[in-house]
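Report on the following structure.
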Amino acid sequence: MSIYDTLNDMQREAVFHTEGPLLILAGAGSGKTRVITHRIAYLIEEKSVNPWNIMAITFTNKAAGEMRERVDGIVGFGSESIWVSTFHSTCVRILRRYIDRLGYGNSFTIYDSDDQKSLMKSVCKKLNIDTKKYKEKNILSQISKAKNDFISPEQYALNNQNDFSKKIIVQAYKSYQEQLKSNNALDFDDLLVKTVELFKGNPDILEQYQERFRYIMVDEYQDTNTVQFRLISMLASKYKNLCVVGDDDQSIYKFRGANINNILDFEKVFPDAKVIKLEQNYRSTQNILNAANEVIKNNKERKSKKLWSDKEQGDKITVKTLENGFMEADYIVSQIKKLKEEKGYKYSDFACLYRTNAQSRAIEERLVSASIPYKLVGGVNFYQRKEIKDILAYLKTIDNGMDDLAVRRIINIPKRGIGATTVEKIQSYADTKGYSFYDSLKQEECIEALGRSGTKVKNFAGFIQMLRTKKNYMSIRELTNEILETTGYLEELRLEGTDEAKDRISNIEELISKIADYEENTENPELSGFLEEVALIADIDSLDENSDYMILMTVHSAKGLEFPVVFMCGMEDGLFPGYMSINSEDPSDMEEERRLCYVAITRAMERLFILSARQRMLHGETQYNRPSRFLGEIPSELIAGSRDNVKRGMSAKDIMETMGRKETRRISKPSDRSMAKPIFESKAFEARQFKVKKADGLDYGQGDRVKHIKFGTGTVVAINDGGRDYEVTVEFDSVGVKKMFASFAKLKKV
DNA sequence: CCATCCACGTTTTTT
DNA sequence: ACGTGGATGG
């Protein structure tokens, strides 16, 4: 009995096919990660491939982490030398080594979208671009599109030389790239573009990586864009052992550059490619699967496949239309209570999926009043929060003053009396002299030109210099505390005392925990290393498996997950599918929405609720939508009878029409204000319930034996109340003495 | 230089 | 409805 016996025939075929290009079309819930991990094990164990020669590439850190874990679990010896990472961190690793060949410094910084925006702002200023007519965001998205298609500024200019309306974009693109280069910075798209450029211009480097990555596996292949495709096809072109896994029906990221043709045309690009379809679904009941199949069938641009399952028929799908968004939320609450009571479900078995983040509010509100614990996924990114960016900007400036944006960000935070005019003067001095912004601060000549503000600027430069000295003997955590104390940043927030300020403080505490974690778990913790890690991390994957709460998130972020009970909320034309796709000329936009719907349906394992509201508050006005057109694509025999809207023998299409008629009814009633007003501050609630906070009391004390998730068991040596959190010193049996924050370490008494 | 007011725009999201 | 960002006046 080998590990491969647990696979089905198709899965096994995919695992055993190790040489040459391979396309695995893996339907939702068909066990694709299992296939990838088993394939890696097979390569090593049966084909004697050196783990060093294997690369598995994903999109998100989370996916990479999960893959790593599962690979480690199945591959015994040598699993650590398998390269498991995201596209972006792969590129960073390569570029850190060789980007000097493209004329950049190897210690380049990575700009996130906020950085991009402020850079573009200064580009527009320089080029006298009217940002009323051409929004920075807009220009950036066009540039991003070009980069995703591997079109250089020069090429872009050629392609659009007769298009007057693109003239601005052409100029902006060129100047933007120049600015990035002079800041020694790359944006996220550049990471990929520059790596491909590097390989194109330097066959020796390319060959070195081709030799290293002899077996390449790409997960979620349907989400790749053109540059990513070029990157992997260059790497694979020597040995041709490229295995891509994906599902064209789950391609939902066209809006951010994913090129669905990468998967649809794989066989054309690699004519000798083997194609294997995984169609057995291990997740959902027949009814749910059938509904998904029937919906997705309406798409033209797809590879035909039909998911099947040997699971039972299961419960029928519940389709319900409520009066408004709040009643929709009430309905969800009542169903959760009922299912929990009658069927013994836990909160964590439920998920609420919606098309737009704005929909979460109404649901949150009702969950709070019903005391149902929930976790909201998505929204504002942790590392994009103002306070976090401020602190990181300080750290970046201390680490190296190369990042102009970081320096400019904090030069007047907290208020030092250095305003926009002064900053502009310094910038133009820097520009004419070719100095970096920070270096200019240290030039006497520059300071003098500033007159009265000169002293303030000088003080600032001195302050940074002082922190730089401290960096040499302080840990990153101490350094951060030093920044927070000496700038008075924290004090300012404390004095403010608002819920929002408290929220920010707890975010800062969380950042400190992350720093502490980095320092505890890294061989040679370095400030630059920490900043690097942080630059490529997007979300706080603080999913606490132990606690029992339901999940709220957009359909997009639900991809790859599964839940016993799924509520699809706001299934209304105009919302899901969204306006944009309904009004779009391009029929493929509607197909993308349909795929999104397919993703949502296939998240459900046992029970699926599809909900819509007759009226809904959106952008401050009440809208009247009819139920989603996708509902009409689900055969009525899969839908449970419901007196309100589904009568037996009435097709889903009829129902839709019935609902549609109501749309025309004029509703004169002004919206009930008490209903529209949020009863509580959801943010505050969230903070109180779910954010990391100082433990009220520890259930262990000095001398107790405790268990840590990474370090194993140990004895508590000391506990210090550090104000924000307890700092616990533990002597671990295997790894020795470690200091850590109690709220972060999650020590368990044994 | 800073505080305050108003206009704008608002799918989806990763890195 | 609501938050962000730019313009305006003190």
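Numbered from 1 within each chain, the chains take letters A, B, ... in sequence-line order.
With rounding to whole Å, Asp114(A) atom CG is found 14 Å from dT13(B) atom C1'. Asn148(A) places its CG atom 17 Å from the P atom of dT13(B), with the value rounded to the nearest Å. The nearest whole Å value for the distance from the CD atom in Gln228(A) to the C1' atom in dT13(B) is 13 Å. Atom NE2 of His556(A) and atom C1' of dT15(B) are 16 Å apart (whole Å). Rounded to whole angstrom, the span from the OH atom of Tyr579(A) across to the P atom of dT11(B) amounts to 12 Å. For the pair Glu220(A) CD and dT15(B) C1', the interatomic distance rounds to 15 Å; values are reported in whole Å. Across the protein-nucleic acid pair, Met571(A) atom CE and dT11(B) atom P stand 19 Å apart, rounded to whole Å. Distance CG (Asp189(A)) to C1' (dT15(B)): 9 Å, rounded to an integer number of Å.
A salt bridge does not link Arg302(A) with Asp248(A): every distance from a Lys NZ or Arg NE/NH1/NH2 to an Asp or Glu carboxylate oxygen is 4.0 Å or more. Electrostatic pairing of Asp114(A) and Lys386(A) does not count as a salt bridge here, judged by no charged N lying under 4.0 Å from a carboxylate O. The pair Arg361(A)-Glu364(A) does not meet the salt-bridge criterion, since no charged nitrogen lies less than 4.0 angstrom from a carboxylate oxygen.
Toward the 5′ end of DNA chain B lies the nearest nucleotide of Leu596(A), the other residue of the pair Leu596(A) and Phe59(A) mapping further downstream. Map Thr421(A) and Ser581(A) each onto its nearest nucleotide of DNA chain B; the residue landing nearer the 5' end is Thr421(A).
Gly417(A) comes within 4.0 angstrom of the backbone, heavy atoms only, and of no base. If you check every strand for non-hydrogen atoms under 4.0 Å, Ser89(A) touches nothing. Within 4.0 Å (heavy atoms only), Asp112(A) reaches no atom of the nucleic acid at all. Heavy atoms of Phe576(A) sit nowhere under 4.0 angstrom from any nucleic acid atom.
Within the 4.0 Å cut-off from OP1 or OP2 of dT14(B), not a single side-chain nitrogen or oxygen of Asn61(A) is found. A sub-4.0 Å separation between OP1 or OP2 of dC2(B) and a side-chain N or O of Asn412(A) is present. A close approach under 4.0 Å does occur between a side-chain nitrogen or oxygen of Thr422(A) and OP1 or OP2 of dC1(B). For Thr86(A), no side-chain nitrogen or oxygen approaches OP1 or OP2 of dT14(B) to under 4.0 Å.
Listed by chain and number, the residues in a ring pair (Phe, Tyr, Trp, His ring centres under 6.0 Å) with Phe87(A) are Phe59(A) (sequence neighbours excluded). Remark: Phe530(A) engages Tyr518(A) in a ring pair (Phe, Tyr, Trp, His ring centres under 6.0 Å) (not counting sequence neighbours). For Tyr253(A), there are no side chain to side chain donor-acceptor pair (under 3.5 Å) partners at least two apart in sequence or on another chain.
With dT11(B), dT12(B), dC1(B) as the candidates, the nucleotide lying closest to the side chain of Met580(A) is dT11(B). Which of dT10(B), dT15(B), dC1(B) sits closest to the side chain of His88(A) comes down to dT15(B). Across dT13(B), dA3(B), dT10(B), the shortest atom-to-atom separation from the side chain of Lys415(A) is found for dA3(B). Counting only heavy atoms from C-beta on, His619(A) has its side chain closest to dT10(B) among dT12(B), dT10(B), dC2(B). The side chain of Asn357(A) approaches dT13(B) more closely than any other nucleotide in the set dT14(B), dT10(B), dT13(B). In this structure, the nucleotide among dA3(B), dT14(B), dG9(B) sitting nearest to the side chain of Lys135(A) is dG9(B).
The list of salt bridge (charged side-chain N to carboxylate O under 4.0 Å, His left out) pairs with a residue in residues 83-98 of chain A, not counting sequence neighbours, reads Arg96(A)-Glu532(A). Residue pairs meeting the side chain to side chain donor-acceptor pair (under 3.5 Å) criterion with at least one member in residues 117-128 of chain A, sequence neighbours excluded, do not occur.
The aromatic ring of Phe255(A) is stacked on the base of dT12(B), with the two ring centres less than 5.5 Å apart and the planes inclined by under 30°.
Contact of the Leu441(A) side chain with the Ile411(A) side chain is registered, since non-hydrogen atoms from C-beta on lie closer than 4.5 Å.
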For nucleotides 3-10 of chain C, print each protein N/O atom paired with a nucleotide N/O atom at under 3.5 Å, atom names and distance only.
unit_1, atom_1, unit_2, atom_2, d
dG6(C), OP1, Lys121(A), NZ, 2.9

